[in-house]
> 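Take this structure first; my questions come after.
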Amino acid sequence: MESGSRDGTTEDLESLIATTDAELLRRAWRNEKAAPEILRYEKHLVDRIEGQIQLMEETVDDYTETGVDPLTVSLYQMDLDRTQFLLRSYLRTRLLKIERFILHILKTDELHERLSDKEKIFARRCAGVIGKHLDDSVLLNLPENYQSALRQSTTSEEDDMVLEPRLDTFVVCKAREYISPSEFQDDSNSSLSMDLILEMEPGELSFIPYRRVQRLLESGKLEMV
Amino acid sequence: MYGRKACQLVKETATGEKGQIKPFNDDMFNQVIQECCSHHLELQSLFRNMQEEGLDIQTTRNADFYGALIHHLSLTRNKRCLMAYMYNRAEVIRSLRWKLGRVLPEEISKKLSSSEKEYLKGYSASLDAYMNDINLDLTVDMVPPKDPYIQVRVLDDIGEVVLTDCSANLARYSMHFLKRTDAEPYISQGLMEELVS
């Protein structure tokens, strides 16, 4: 009986920790780092984190001024530094993907909508700069029918020059709840392990093509490791 | 052989050390562009031949057509190689911007073509604008912090500077105990080194 109730409290504590903004940011950051494509911008989370960083900075300043125990101050400072690192790294990882797949993102509405407003501005500016650079150095020197950055030539029927993320790449992910076989995405045009019946228990690690867990990641049923 | 030069150009980026940039291969680059243009001339003259013989380009499948096709494919291949060359170099240039700051040292800067220098400037400007927008400097804090303060040795005379929590006289070879975020820009410019015990 006693041990049962103790287990209950640790579980409560764990679930409490798992839903703090710091943990949510860490999860968002890990997902963003591991996923090959750009994920939805966690607007509300980032807003909250920014508020907390400001609050923490003020607390640290206050404590330094009023001469609170230096150890306490440095612990707060450390916490602050970690949060700031996570936030910066999260935003950096996104920029890196935006830069790399810029043309693909700008011409795919669904991906473009995943950016924050400020990232959209950044993406447009970047696209302008790289576009001019490629035009000046390569494209304008080529014969007339071959000057598009999106198509190999005017005879191409679709955009066949745009760099896209490889969604078939394998990722390591962990289920956060039970996932039944029917929930995995089946992509009929890819031959990757299609007949394999899959299910995941909570906490189970899997090594799987990103494409098949894309939607599960979005709904938060699993996370990247 | 068609396409060989373009392939060498791409190999150059593939065999280079990661994150390092090689001098822009002006000579080879222009030769490939030339090759593209001559492919195009050949292609057009073959099509003219066919037209003079009164053949329909859409449906005729004779020697001239396949010749033209080869030229077309070589041209698109060259184009892909040229674009890959520029795109990969642009990626390295961006990573240099993150590592070294807005202004690259002379020995790296001279490896870039003039268009690439323009690109670096433009890219830097859009990155600065974005960081200004979000009011956060993203170029510091590149490694996960272990300790908020680190021990550093100054390698060059930096002089009196104001840091976030104090001002310090950063004389050459002096040692300091600084906030990591304050020290990082100096470390990346090679003006300081971190002392690891």
Side-chain angles (χ1 to χ4, degrees), chain A residues 46 50 53 57 60-61 64 73-82 84-92 95-96 98-100 116-119 121-130 132-139 141-149 151-153 155-156 160-161 163, chain B residues 24 29-30 32-34 36-37 39-41 43-44 72 75-80 82-87 90-91 93-95 98 113-116 118-127 129-131 133-149 165 179-181:
Chain A
V46 172
E50 275 172 348
I53 287 179
E57 274 173 344
V60 170
D61 282 353
T64 334
V73 178
S74 86
L75 284 177
Y76 271 100
Q77 181 71 45
M78 214 142 53
D79 194 26
L80 174 64
D81 282 354
R82 285 187 182 162
Q84 274 190 318
F85 167 76
L86 276 183
L87 180 62
R88 286 194 173 116
S89 184
Y90 173 68
L91 295 172
R92 266 201 299 266
L95 286 195
L96 225 60
I98 296 174
E99 289 161 5
R100 192 165 163 74
S116 74
D117 293 339
K118 286 163 184 169
E119 283 170 342
I121 300 174
F122 173 74
R124 269 198 297 278
R125 288 192 66 160
C126 264
V129 182
I130 187 106
K132 185 177 180 314
H133 172 47
L134 291 174
D135 275 351
D136 286 352
S137 48
V138 185
L139 296 169
N141 293 317
L142 293 180
E144 210 179 311
N145 296 340
Y146 299 85
Q147 291 182 350
S148 162
R151 297 175 182 205
Q152 297 190 37
S153 75
T155 51
S156 303
D160 53 4
M161 282 274 302
L163 188 64
Chain B
F24 182 71
F29 192 85
N30 288 332
V32 178
I33 295 270
Q34 278 307 316
C36 288
C37 294
H39 278 311
H40 193 237
L41 289 178
L43 185 113
Q44 280 175 323
H72 168 75
L75 212 169
T76 52
R77 183 187 148 89
N78 276 349
K79 176 182 175 180
R80 290 198 303 273
L82 289 171
M83 292 293 268
Y85 183 66
M86 292 317 279
Y87 208 80
E91 201 159 18
I93 292 171
R94 289 199 298 268
S95 79
W98 283 93
S113 74
S114 62
S115 174
E116 283 174 331
E118 278 302 307
Y119 171 65
L120 175 65
K121 251 187 249 166
Y123 172 69
S124 261
S126 29
L127 183 62
Y130 173 71
M131 293 198 295
D133 235 5
I134 57 168
N135 206 2
L136 195 64
D137 183 359
L138 297 178
T139 57
V140 295
D141 242 347
M142 298 301 267
V143 285
K146 287 211 179 67
D147 201 321
Y149 287 86
D165 52 352
K179 264 178 131 172
R180 177 178 291 276
T181 42

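Chain naming here is simple, since letters A, B, ... match the order of the sequence lines and numbering starts at 1 in each.
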> Which heavy atom of A:Ser137 sits nearest a heavy atom of B:Ile33, and at what distance?
O-CD1, 4.3 Å
> At a heavy-atom distance under 4.5 Å, which candidate from A:Leu91, A:Leu134, A:Ile121, A:Leu95 has the highest pair count against chain B?
A:Leu95
> Can you tell which of B:Leu41, B:Asn78, B:Leu127, B:Asn135 has the highest number of heavy-atom pairs within less than 4.5 Å of chain A?
B:Leu127
> Under 4.5 Å from any heavy atom of chain B, what part of A:Ser89 do you find: side chain, backbone, both or neither?
neither
> Taking every heavy-atom pair that is under 4.5 Å apart, which of B:Leu82, B:Leu43, B:Thr76 has the most such pairs with chain A?
B:Thr76
> Please examine the side chains of B:Met131 and B:Thr139, heavy atoms only from C-beta on, and report whether any two atoms are closer than 4.5 Å.
yes
> Name all residues meeting the ring pair (Phe, Tyr, Trp, His ring centres under 6.0 Å) criterion together with B:His39; count only those two or more places apart in sequence or in a different chain, and write none if there are none.
B:Tyr2, B:His71
> Please report the shortest heavy-atom distance between A:Pro143 and B:Cys37, naming the atom on each side.
CG-CA, 4.4 Å
> Going by salt bridge (charged side-chain N to carboxylate O under 4.0 Å, His left out), name the residues that satisfy it together with B:Glu91, two or more places apart in sequence or in a different chain.
A:Arg100
> Where does A:Leu163 contact chain B at under 4.5 Å (heavy atoms): side chain, backbone, both or neither?
side chain
> Which atoms of A:Leu139 are under 4.5 Å from chain B, going by heavy atoms: the side chain, the backbone, both sets, or neither?
side chain
> Where does B:Tyr85 contact chain A at under 4.5 Å (heavy atoms): side chain, backbone, both or neither?
neither
> B:Tyr130 versus B:Leu138: any side-chain heavy-atom pair under 4.5 Å?
yes
> Should B:Tyr123 and A:Glu99 count as side-chain neighbours, where that means a heavy-atom distance under 4.5 Å?
yes
> Pick whichever of A:Asn141, A:Leu86, A:Asp136 has the most heavy-atom pairs under 4.5 Å with chain B.
A:Asn141
> Just so I understand: if I count every heavy-atom pair under 4.5 Å between each of B:Lys121, B:Lys79, B:His72, B:Met86 and chain A, which residue has the most?
B:Lys79
